[in-house]
Structures are given as structure tokens and as C-alpha cells.
Amino acid sequence: MSTLDALIFDVDGTLADTERDGHRVAFNRAFAAAGVDWSWTVPLYGELLKVTGGKERIRYYLDYYNTTFQRPADLDGFIKQLHTDKTRHYTDMLAQGMIPLRTGVKRILEETRSKGVRLAIATTTTPANITALLEHSVPPIPESWFEVIAAGEIVPVKKPAPDIYQYTLQKMGLRQDQCLAIEDSENGLISARQAGLKTVITINDYTCNQNFSEAALVVDHMGEPGQPFSVLNGGDVNGFNYLNLELLKHIHANSLLADLAVKS
């Protein structure tokens, strides 16, 4: 049976709670600077998160929530500029330390890396957002810890399509049964599962009511010693109340055994 050789992490909502008080605020700042009277509220942004990718999210908003907006002749260029401005506002917020890493993230990265487990990122966010998040975490996380950073438009179709995970596996030279994905959303789970990856979910306020029936484990956060997670769905956690490498290996092995039992 395959061993756990790599962890592949999503970014937004997984490594940090970036959506509600990060990306949403940055979008609104970009809209104000562009002179459009759009304001994405917390509930509205939760609806827009059904669509992955910032430029795609703006277009979806215009198609379904703001159909009376007088579109410029070069709509693609307009959306691209808005998204560029939004990214600048977002990275400025990160530089100011406004968006910390989620509970347990730094510990998991340090532990798994120190014990020879390979790390990668598979996300729809832009490379600039990843760089800013890692550089301005406390303490900072070197990008070099991640063997592959698959981000932005490196593949033509974004999550929930499996393309970003397939690209990451191909770049690492690994099979899907050698890896675990760490995600926070239903779209991310669908993407990872379609690529054949077992997946651990750490929910956030926006994703807590989504369908995670295909996940190997669902918890509210990764936890710390003395700051336990709550298990929301999934099987045996081997007596642990926070994610660590031993537990991740246990989840990975049990998931593969379950597949073998189904096939037999």
C-alpha cells in the first residue's frame, strides 16, 4: 500500500481566513477606486464564492447580480484592471499583517517538512497573493518549502475541475494515492476528488454548510495541542484532537484500505 509522500494545500480559507475580511474588502476597495458603486456584503460574497477565480467572480456578479450595469466596450479589459487593482489592495493588507494563518497551519508545515513529507500548493488565487501571504505571515514561511506552487491561470480550467491537482501531481511525479489534499470548500473537494486525491477539509464560516460527504475527514480547524479541533465528519482520528503527521498518515492509510475493501 502506498505511503503518504506529499501534502497539497489549498490557500484561501485553508492556510488563512482570507475570504471575508481579505479578498472581499480588497474587491470593495478596488471598486471604490474605479468609481463604481458596487459593495460586496458578507452574505453576497458568500454567494459569489460559488465561482472560483477573481475575474470569473466579477463577471458572474455582473451576469446574475448587477445586470443593469452599463458594461464598457472592453469588458474583459475592465474586469482585468479591477482584478489587478484588487490584488494590489489585498497584498497591501497582507503586508500590514491583517490576515494571520489559521490555527495549526505553521506547525503542520514545519512538522511535515522536517520529517521528509513533500509540500505543494494547488489554488486558484494569483501567485502574488501566495507570495504576500507567505512573506508576511508571523513568522514568515519560505516559498521554497513548497516544491510546486500551482496557482492562478497556470491551467485553463479552475476548480472544481481537477486540472490544478492533476498539474501538481504531474509536476511532482507522484500518483494520487501518494498524497493528501487539504481544502476548505466543496469546490476544492470536488477538484481534489476528481483528481483521485483523498482530502481533509478544514471548514470556515463560508463553507461550514457545504457538502463534504466525500472527504476523509472534516474538522473546524487544524488544531493545536491545548486547542483541539472538532470533528464534523469522518472516521477514526486515532486518539488525536489536532492534526499532525501521524494522524494524517493514519487517515491516508485508512482511506486507501477502505478503497481496497470496496473493490474486493
Side-chain angles (χ1 to χ4, degrees), residues 1-11 13-15 102 104-105 107-123 145-150 155 159-203 207 210-225 228-264:
M1 186 169 63
S2 298
T3 59
L4 177 58
D5 295 322
L7 297 179
I8 306 176
F9 287 86
D10 174 54
V11 174
T14 302
L15 294 185
R102 293 191 68 186
V105 167
R107 175 184 52 78
I108 284 286
L109 293 175
E110 289 178 333
E111 179 189 3
T112 52
R113 180 175 177 273
S114 70
K115 294 181 179 178
V117 175
R118 298 158 68 181
L119 300 174
I121 283 173
T123 180
W145 284 15
F146 299 93
E147 181 177 334
V148 173
I149 296 180
V155 293
K159 299 176 185 177
D163 301 43
I164 196 72
Y165 279 107
Q166 291 168 340
Y167 173 90
T168 304
L169 291 170
Q170 187 263 330
K171 285 294 183 180
M172 299 182 82
L174 292 174
R175 302 185 310 273
Q176 56 264 51
D177 62 349
Q178 296 174 281
C179 308
L180 268 180
I182 314 294
E183 278 279 359
D184 74 300
S185 70
E186 185 176 359
N187 275 341
L189 174 62
I190 293 169
S191 176
R193 293 295 294 129
Q194 286 187 345
L197 290 159
K198 303 301 181 184
T199 307
V200 172
I201 295 290
T202 61
I203 64 161
T207 67
Q210 294 178 1
N211 180 5
F212 297 123
S213 59
E214 291 293 315
L217 179 70
V218 183
V219 292
D220 58 344
H221 54 75
M222 298 183 195
E224 293 279 12
F229 58 41
S230 294
V231 177
L232 306 176
N233 191 28
D236 174 25
V237 291
N238 203 29
F240 287 103
N241 57 16
Y242 60 92
L243 285 184
N244 58 22
L245 183 55
E246 184 177 345
L247 176 54
L248 291 170
K249 287 182 174 179
H250 178 75
I251 293 166
H252 177 257
N254 280 358
S255 296
L256 294 182
L257 285 171
D259 281 354
L260 289 173
V262 170
K263 290 176 183 178
S264 64

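- Residues L169 and Q178 have side chains not in contact (no heavy-atom distance under 4.5 Å, counting atoms from C-beta outward).
- The shortest non-hydrogen separation linking D220 to S230 is OD1-N, 2.7 Å.
- In this structure the side chain of F240 never reaches within 4.5 angstrom of the side chain of H250, judged on heavy atoms.
- A side chain to side chain contact (heavy atoms under 4.5 Å, CB included) with R193 is found for one member of Q176, E183, K198 and no other, namely K198.
- Minimum heavy-atom separation, R118 to L174: NH1-CD2, 3.4 Å.
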Checklist entry - Between E224 and Y242, is a side chain to side chain contact (heavy atoms under 4.5 Å, CB included) present by the stated rule, with each step listed? => result CA-CA 5 Å; E224 293 279 12; Y242 60 92; 5.6 Å; no
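- Summarising the geometry, atom OG1 belonging to T112 is positioned 8.0 Å from atom CG belonging to L248; distances are rounded to the nearest 0.5 Å.
- Of the options I201, L189, T202, V231, a side chain to side chain contact (heavy atoms under 4.5 Å, CB included) to V218 is made by I201 and by none of the others.
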Next on the checklist: Let's go through Q166 and V155 carefully: what are the C-alpha distance in whole Å and the side-chain angles of both, what is the deciding distance for side chain to side chain contact (heavy atoms under 4.5 Å, CB included) to 0.1 Å, and is it a yes or a no?
Outcome noted: CA-CA 10 Å; Q166 291 168 340; V155 293; over 6 Å; no
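- Separating the CG atom in D184 from the OG1 atom in T199 is a distance of 11.5 Å, to the nearest 0.5 Å.
- In this model, no donor atom of one side chain and acceptor atom of the other lie less than 3.5 Å apart for N187 and S185.
- Between the side chain of T14 and the backbone N or O of V11, no donor-acceptor pair lies under 3.5 Å.
- Counting heavy atoms from C-beta on, the side chains of L217 and L243 come closer than 4.5 Å.
- The nearest pair of heavy atoms linking C179 to L4 is C-CD1, 3.8 Å.
- L7 CG to F146 CZ: the interatomic distance, rounded to the nearest 0.5 Å, is 10.0 Å.
- Residues D5 and T3 come closest through the heavy atom pair OD1-OG1, 3.0 Å.
- Of the possible polar contacts, one joining the Q210 side chain to the E186 backbone as a donor-acceptor pair under 3.5 Å is found.
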Checklist entry - Passes side chain to side chain contact (heavy atoms under 4.5 Å, CB included), R102 versus M222? Steps please. => result CA-CA 8 Å; R102 293 191 68 186; M222 298 183 195; over 6 Å; no
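- Atom CD1 of I149 is separated from atom CD1 of I121 by 4.5 Å, given to the nearest 0.5 angstrom.
- In this structure a side-chain-to-backbone donor-acceptor pair under 3.5 Å is missing from T207 to I203.
- Interatomic distance, NE2 of H252 versus CG of L197, reported as 9.0 Å (0.5 Å rounding).
- Separation of atoms CZ (F9) and CG (L109) is listed at 5.0 Å; rounding is to 0.5 Å.
- Here the shortest heavy-atom pairing between A195 and P162 reads N-CB, 3.7 Å.
- Here the shortest heavy-atom pairing between M172 and V148 reads CG-CG2, 3.6 Å.
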